[in-house]
Amino acid sequence: MHKPMKYFDKGLTLAAGAAWNTLQFFNQFKPNGSFTPRWSDKPLLKSHQKSKPPLGWPRTTDSLCPTCVREARQRILDGEQDLNTLKTERVGEIKADIIERDGKILMVKDCPQHGHFEDVLSIDPDFLKHIEANFPGRDIVAHNDKELHNHGSSTIRYGRGSVLTVDLTNRCNMMCDPCFMDANQVGFVQELTWEEIKQLLDNAITIKPRRQMSIQFSGGEPTLSPYFFDAITYARKVGYNSVQCATNGIEFAKSHEFAKRAYEAGLRYAYLQFDGIGNPSNQHRKVGNLFDVKLKAIDNLQSAGVEIILVTTLVNGVNNEQVGPIIEFARNNPKKIAFIAFQPVSFTGRDEEITEERRMRQRYTLSHMAHDVKKQTGITEPTRDWFPISLMGTFAGLADLVHGPQAEWGQVSCGCHPNCGIGTALMINKETKEMAPVPQFLNVPRLVKDIAVITDTARGKFLSNLQMGLSLLRNYDPFQAPKSLTLGALLKKFDKSFALTGKSYGVGLERRKDPWNFLFIAGMWFQDLFNYDFRRTEMCIIPYATQEGEISFCAYNTGVGWRNIVEKMHMTATLSKWYEEHGRHEIFAGGKSVPLPDESHSLVLNEEHRNRPTQVEEGPQNARDEKVLARDARQQQEMMKLYRQEVLKEQPRPDLVQISPAPSKPAPDREYAHSGD
């Protein structure tokens, strides 16, 4: 039955192509100008008006010296340097070159004081070239924002953002490596008061363009905040319809009632830490039953109505072999998982002073990820199926046009630098598990060009939606799509994703009733001091809302290190004072297991993946391992000194006073000499 329908669909796509071409003959004459919507003081941009940062290579950009930055940050924390120097001076900044060498794309830079640094940006130049070539351009320039965007060279200058992060607390109930915020290790508690939470959310809607962003409550572990539920409710009250929390899932796993209460408060997404399939694959997090916790959390959240985003920090040699199993897990559970967010590791927080040997060994880029997906799953082609996530800005621009000048909010727009993030999507039948990568049956580059034509000519809601439908049809190849996928289902799925017609598809469980799952797979690579690029920082789409304004994700967590400074400036209490007044919260570390009411769940698992042993690579795996090795090396050195003195009867060579010209031959390179020398 499917084959005749495919031929029918093919006929429709050919007819749509003819109709599109006919319409464009007339559409090219007298395009309408841009309007200025209520949510912006500047007009919508035409495609040719969107600026781009320098791309390609070789190119030069502004970066940071890792050592200069750490030293300057410490001086500020110690009160020896004024914080305002971060706004008025280019603290720690040096030039960096992005070059191709030995089949890789590298960032190389030299500090006059601290020497040479280099790191890998891509292991596949063709892949990065493809990603950069599909960048559609920057979003509207940020405006009416001077009170919140004022951070010197780290200032966000473009776009409306897509996720505003609010750290409710720096307390956490885990002790992870890696951890970009160094939770539980800074010696004090910084936790937002209720008035501060409301102020940050109120401030966020004053910026133009006015953003319909997702609000993400984070930490630490945000569920430890006494205002967790109140913060969710207030975010919805002021107008944000997409509220999420970045969580390890422990509190949700322990109590279905907790998950239900969060949903009722307005939580839409759980941004769930998820490093692999099986407890062995999560062993590096030092919680005995962490995978069981994840399964229980997913079950409790999903049954309560909260949608799940799996978030995986990928470290080469630690858990990169889990890319395929995680995707298979999502494919096998399409009614529960709609999004995977892979995050190649950023060496910051506890890992900021990583050794060069471990950094080069564990470095994992977006190109690594694209190739691992292909290698481990047998699906997707790196230069066909992956695109910069900023490509979604093209669809947001069309939605902004269709929603018209009276819209209160701008559409969510992922207008970040193409080196920041990539994505693809799989279309999966929730019942049969039949699937195909969307770019396999949809000509994405031509579709994006068509949408640019639609937004540039700006013909109004009816004609714009008509053209969008024709473009979708003409770029659809039914013979490359899943056999049971119909054109109607495809059109419905796009409308549901981009809200072009304004039809409501419900929320929570109701919204996920349709038979097809768009499984988005994204890679978001946050910067660290070794690959820092200010051209990326100024286009950030994930700002942090703080008492010192909205700060780029990378500038806050790494870069000049605004997090360390802001948290200390607004410290709630020292740890000892906090413990005295509030007691100690429970921390699961050192192999300790989380007590669960039961471990039952309804998820489909691959038992081979679940029982796969821990991925092990030689050498230290994290900052803690490096500290232990350094301590052991010092102890071994002290033992050797003692052995030489007590057993070999060696004595330290006395300092020699030079009273004549230095000898032409250097002195022996050793610390001890035999007493008979």
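A donor-acceptor pair under 3.5 Å links the side-chain atoms of T546 to the main chain of E548, judged by distance alone. Side chain of S34 to backbone of L44: a donor-acceptor contact under 3.5 angstrom is found. For T312 (side chain) and L314 (main-chain N/O), no donor-acceptor pair under 3.5 Å exists by modelled atom type. Panel note: side chain S464, backbone G460; a donor-acceptor pair is recorded below 3.5 Å. No donor-acceptor pair under 3.5 Å is formed between the side chain of N531 and the backbone N or O of Q527.
Heavy-atom minimum distance, D533 versus I98: OD2-CD1, 4.1 Å. The two residues R38 and A407 have their closest heavy-atom pair at CB-O, 3.5 Å.
Residues F479 and D9 form no side-chain contact, since every pair of their non-hydrogen atoms from C-beta on lies 4.5 Å or further apart. Side-chain contact check for V243 versus F217: some heavy-atom pair is nearer than 4.5 Å. I428 is not listed as a side-chain neighbour of W516, based on a closest heavy-atom distance of 4.5 Å or more. In this structure the side chain of N144 never reaches within 4.5 angstrom of the side chain of I207, judged on heavy atoms. Two residues are said to be in side-chain contact when any heavy atoms from C-beta on lie closer than 4.5 Å; F518 and M427 meet this criterion. The shortest distance between side-chain heavy atoms of H417 and S390 does not fall below 4.5 Å. Side-chain atoms of E431 and K335, non-hydrogen and from C-beta on, do get closer than 4.5 Å to each other. In this structure, L267 and F252 have side chains that are in contact, with non-hydrogen atoms separated by less than 4.5 Å.
Under a cutoff of 6.0 Å and an axis angle of 45°, R138 and Y158 form a cation-pi pair.
A tilted orientation is assigned to the rings of H130 and F127, their planes being inclined by 30° to 60°. Relative orientation of the Y476 and F441 rings is perpendicular, given thresholds of 30° and 60° on the angle between their planes.
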F526 and F553: CA distance, side-chain angles, deciding distance, ring-ring contact (aromatic ring centres under 6.0 Å, His included) verdict: CA-CA 8 Å; F526 301 117; F553 187 101; 3.9 Å; yes
List the steps and the verdict of salt bridge (charged side-chain N to carboxylate O under 4.0 Å, His left out) for K129 and E132. CA-CA 5 Å; K129 186 181 298 182; E132 292 191 352; over 6 Å; no
D400/R160 under salt bridge (charged side-chain N to carboxylate O under 4.0 Å, His left out): CA gap, chis, key distance, verdict: CA-CA 13 Å; D400 286 336; R160 65 194 86 173; 2.8 Å; yes
Test log, rule salt bridge (charged side-chain N to carboxylate O under 4.0 Å, His left out), inputs K50 and D139: CA-CA 7 Å; K50 294 182 177 181; D139 195 8; over 6 Å; no
Residue pair K492, D514: steps toward the salt bridge (charged side-chain N to carboxylate O under 4.0 Å, His left out) verdict: CA-CA 9 Å; K492 179 180 178 180; D514 67 274; 6.0 Å; no
Can you give me every donor-acceptor pair (side chain of residues 13-26, partner residue at least two apart or in another chain, under 3.5 Å) with its distance?
{"unit_1": "T13", "atom_1": "OG1", "unit_2": "K10", "atom_2": "O", "d": "2.6"}
{"unit_1": "N21", "atom_1": "ND2", "unit_2": "G17", "atom_2": "O", "d": "3.2"}
{"unit_1": "T22", "atom_1": "OG1", "unit_2": "A18", "atom_2": "O", "d": "3.0"}
{"unit_1": "Q24", "atom_1": "OE1", "unit_2": "N27", "atom_2": "ND2", "d": "3.1"}
{"unit_1": "Q24", "atom_1": "NE2", "unit_2": "Q467", "atom_2": "OE1", "d": "2.9"}

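In this structure, S242 OG and L164 CG are separated by 12.0 Å, a value rounded to the nearest 0.5 Å.
A salt bridge does not link E434 to R331: none of the charged nitrogens lies less than 4.0 Å from a carboxylate oxygen.
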